[in-house]
Every structure is written in C-alpha cells, then in structure tokens.
Asker: 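Here it is: the structure, laid out below.
Basis for what follows: all heavy atoms, side chains included, without hydrogens, waters or symmetry-related copies. Remember, predicted model here, so these are calculated numbers, not experimental data.
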Amino acid sequence: MSVAMVTGASRGLGRALAGELAARGWDLVVTARGARALAEAASELARAPGVRVTAVAGDVSSAEHRGALVAAARALGGLDLLVNNAGALGTEPLVALAAQPLDGLREAFEVNVVGPLGLVQEALPLLREAGAGAAGAGAVLNISSDAAVVAYGTWGAYGATKAAGDLLSAVLTVEEPALRVWWADPGSMRTRMMAAAEPGEDLAGLPSPQEVAPVLLRLVTEGLPSGRYTAQGLGVTAAGAGAGEPGAEPGTEPDAGGRR
C-alpha cells in the first residue's frame with residue numbers, strides 16, 4: 001500500500017488532500033501545529049477502510065519534528081508521496097512591504113521554504129526507494145500560489161516565500177530526475193487562511209478545498225510530468241506538456257489562478 005505524508009493536514013486544503021488520499025486507500029502520516037484539531041482530523045481519516053493513519057503534531061520548521069515525521073513514514077513501510085502544504089502568511093492580515101514585520105517574514109520563510117526543503121532532505125532516502133506506488137515513482141507535491149508569479153499588493157512577503165519554493169521545486173526536478181516533483185497553485189479558496197489574509201474580502205464565491213483537492217490529485221493519479229501546475233488548468237485538461245515543456249500551465253497573468 002502507498003504511503004503519503006501531508007503537512008498542514010488538520011484543516012483546509014491539507015485536510016481535503018489527506019481525505020482524498022485516504023479514500024483512494026493511501027496510508028497517511030499527517031501533521032499540523034494544533035494537536036487537538038489534528039487528532040480530530042486523523043480520527044476521521046482513519047475511518048477509510050484498511051487505511052492506517054499516524055498523526056504527529058508539531059511545526060515543520062523544527063528539525064526534530066521533521067525527523068519524527070519521516071520515522072513515522074518509515075514505520076508504515078516507506079514514503080511514496082510528500083505533500084508540503086503547511087503555510088504561514090507572515091502577518092495577519094497582510095500588509096504592504098513597508099509595514100511588513102521582519103520577524104513575520106522570517107517565520108514565513110521558515111514554514112514555507114526551510115521546513116519543506118528540510119522535509120525533502122529528510123525524506124529523500126525513502127522517496128528514492130519508492131516506485132511501486134500509485135504515483136509510479138517517489139513524488140513531492142509542493143503547494144504554491146499565483147502570488148509567487150504575480151505582484152499583488154500586500155502579498156509580497158508571502159509571495160516571496162512561494163517564489164522561493166517554486167525555484168527549489170524546479171531545481172529538485174533537475175537534481176532528482178527519478179522523482180516526480182509538482183508545484184501547484186490551488187487558486188483562491190474559502191479557507192481560514194484566506195480570511196485571515198484579507199478579512200474584508202467576500203469569499204462566498206470561491207471554491208472550497210474539498211472541490212480543489214481532487215483536481216490537484218490528478219497529478220498523482222495520472223502520474224503527470226514534473227512541473228508547475230494550476231488547479232484551473234488541471235480542471236480543464238492535464239497541464240503536462242511535451243518533454244521540453246514539462247508541467248506547462250495555462251497562464252499566470254493576474255487573476256488566472258488565485259492566491260491561496
């Protein structure tokens with residue numbers, strides 16, 4: 001049976017992705033900072049027939065916690081898919097760069113960039129050994145944002161962390177060609193994170209994470225090529241292109257994808 005690790009899995013997109021994976025029979029290692037909410041999510045996920053779920057509460061910016069997560073995956077038999085979903089805004093609500101707290105920026109880089117890279121480093125031996133799972137090879141799914149490629153006012157600090165994550169993802173595809181590496185923009189969703197980022201915005205017309213998660217999981221179920229994708233593009237057609245254009249996405253102009 002395939003094993004996936006999902007960070008930020010107690011709510012929002014992480015919870016929805018974990019639920020979709022569990023429904024497809026994946027064993028799970030899930031993590032989030034809130035122990036109570038994570039335990040509740042894990043209890044629900046474990047209701048899927050035959051699915052094993054290990055919940056390890058903690059912060060992905062902690063090296064000790066990252067080691068515990070990989071140890072939990074090893075205990076389940078290995079790791080086929082790492083989903084780096086946990087994220088921090090840097091300040092709530094978002095502010096212009098002139099007012100951006102530098103401590104908040106440091107925290108956002110630790111959670112959105114350093115933590116995911118640290119997990120990749122820790123998990124690489126298991127991911128390299130994978131290959132018989134549903135993804136066809138060890139795989140990494142890094143959750144991005146169109147704030148990584150579009151200059152939205154007040155989204156500069158968060159967007160900078162996502163741009164860094166995108167570049168690390170692209171380099172990983174060069175350095176670890178045997179793995180599948182996807183960095184995917186889910187678009188704007190009705191989440192607590194989005195509400196905290198822009199409290200005055202009306203989110204009623206946005207899709208829920210439960211609507212977006214199965215679209216993103218096309219990357220896994222169809223074994224699409226490494227590259228950058230948007231949920232918008234995946235919802236219409238497989239975004240992967242030819243060998244010279246892996247993971248081509250259908251546009252990154254303003255409002256094409258959507259901030260997370």
Asker: Transitively linked via ILVMFWY side-chain contacts under 4.5 Å: V215 with V83?
Answerer: yes
Asker: Side chains of D146 and Y152: do they bring a donor and an acceptor to under 3.5 Å?
Answerer: yes
Asker: Ignoring hydrogens and angles, tell me if any N or O in the side chain of R180 forms a donor-acceptor pair with the backbone of L224 under 3.5 Å.
Answerer: yes
Asker: Show the nearest heavy-atom pair for residues L219 and A184, with the distance to one decimal.
Answerer: CD1-CB, 4.1 Å
Asker: Has the side chain of S43 got a donor or acceptor atom that lies under 3.5 Å from a matching backbone atom of E40?
Answerer: no
Asker: Measuring from Q100:CD to T91:OG1, what's the distance to the nearest 0.5 Å?
Answerer: 6.0 Å
Asker: Does some side-chain heavy atom of M5 sit less than 4.5 Å from a side-chain heavy atom of L119?
Answerer: yes
Asker: Find the distance between CG (L117) and CD (Q121) and round it off to the nearest 0.5 Å.
Answerer: 4.0 Å
Asker: Is there a path of hydrophobic side-chain contacts, each under 4.5 Å between heavy atoms of I/L/V/M/F/W/Y residues, joining L124 to V29?
Answerer: yes
Asker: I143 and F109: same hydrophobic cluster, using ILVMFWY side-chain contacts below 4.5 Å?
Answerer: no
Asker: To the nearest 0.5 Å, what is the distance between OG1 on T191 and CG on L203?
Answerer: 7.5 Å
Asker: Ignoring hydrogens, what is the shortest heavy-atom contact between A88 and A108? Give both atom names and the distance.
Answerer: O-CB, 3.8 Å
Asker: Is the shortest side-chain heavy-atom distance between W155 and K162 below 4.5 Å?
Answerer: no
Asker: Measure the spacing between OG of S61 and CZ of R33 and express it to the nearest 0.5 Å.
Answerer: 7.0 Å
Asker: Let me see the working for H65 and L69 under side chain to side chain contact (heavy atoms under 4.5 Å, CB included), right down to the final yes or no.
Answerer: CA-CA 6 Å; H65 179 58; L69 290 174; 3.6 Å; yes
Asker: Give the intermediate values and the outcome of side chain to side chain contact (heavy atoms under 4.5 Å, CB included) for residues M189 and L206.
Answerer: CA-CA 5 Å; M189 297 173 289; L206 299 179; 5.5 Å; no
Asker: Mind listing the closest non-hydrogen atom pair of A32 and A9 along with its distance?
Answerer: CB-N, 4.1 Å
Asker: State which residue, out of L45, L81, V3, fulfils the side chain to side chain contact (heavy atoms under 4.5 Å, CB included) condition with W26.
Answerer: L81
Asker: Minimum heavy-atom separation for V174 to P177, with atom names?
Answerer: O-CD, 3.6 Å
Asker: Hey, are the side chains of L13 and L216 touching, using non-hydrogen atoms and a 4.5 Å cut-off?
Answerer: yes
Asker: Using modelled atom types and a 3.5 Å cut-off, is there a donor and acceptor pairing between side-chain atoms of N84 and backbone atoms of T7?
Answerer: no
Asker: Quick one, S188 and M194 - any side-chain contact, counting heavy atoms below 4.5 Å?
Answerer: yes
Asker: Taking all non-hydrogen atoms of both residues, which atom of P186 and which atom of V212 are closest, and how far apart?
Answerer: O-CG1, 3.7 Å
Asker: Taking R228 for the side chain and W183 for the main chain, is one N or O donor matched with an acceptor at less than 3.5 Å?
Answerer: no
Asker: Do any N or O atoms from the side chain of R66 and from the backbone of E122 form a donor-acceptor pair under 3.5 angstrom?
Answerer: no
Asker: For L28 versus A22, what's the shortest heavy-atom pair and its separation?
Answerer: CD1-CB, 3.9 Å
Asker: Please round to the nearest 0.5 Å and tell me the distance separating atom CZ of R11 and atom CE of M193.
Answerer: 9.0 Å
Asker: Under 3.5 Å, side chain of W182 to main-chain N/O of P225, donor-acceptor pair present?
Answerer: yes
Asker: Within the side chain of E211, is there an N or O that forms a donor-acceptor pair under 3.5 Å with the backbone of S208?
Answerer: yes
Asker: Among the clusters formed by ILVMFWY side chains lying less than 4.5 Å apart, do L141 and V171 turn up in the same one?
Answerer: no
Asker: Side chain of R52, backbone of L76: donor and acceptor closer than 3.5 Å?
Answerer: yes
Asker: Hydrophobic clustering (ILVMFWY, side-chain heavy atoms < 4.5 Å, transitive) - are L79 and V56 grouped together?
Answerer: yes
Asker: How long is the straight-line distance from CG of L168 back to CG of L172, given to the nearest 0.5 Å?
Answerer: 8.5 Å
Asker: Would you sort out whether E20 and R24 count as a salt bridge (Lys or Arg N to Asp or Glu O under 4.0 Å), showing the intermediate values?
Answerer: CA-CA 6 Å; E20 290 291 330; R24 289 164 171 77; 2.6 Å; yes
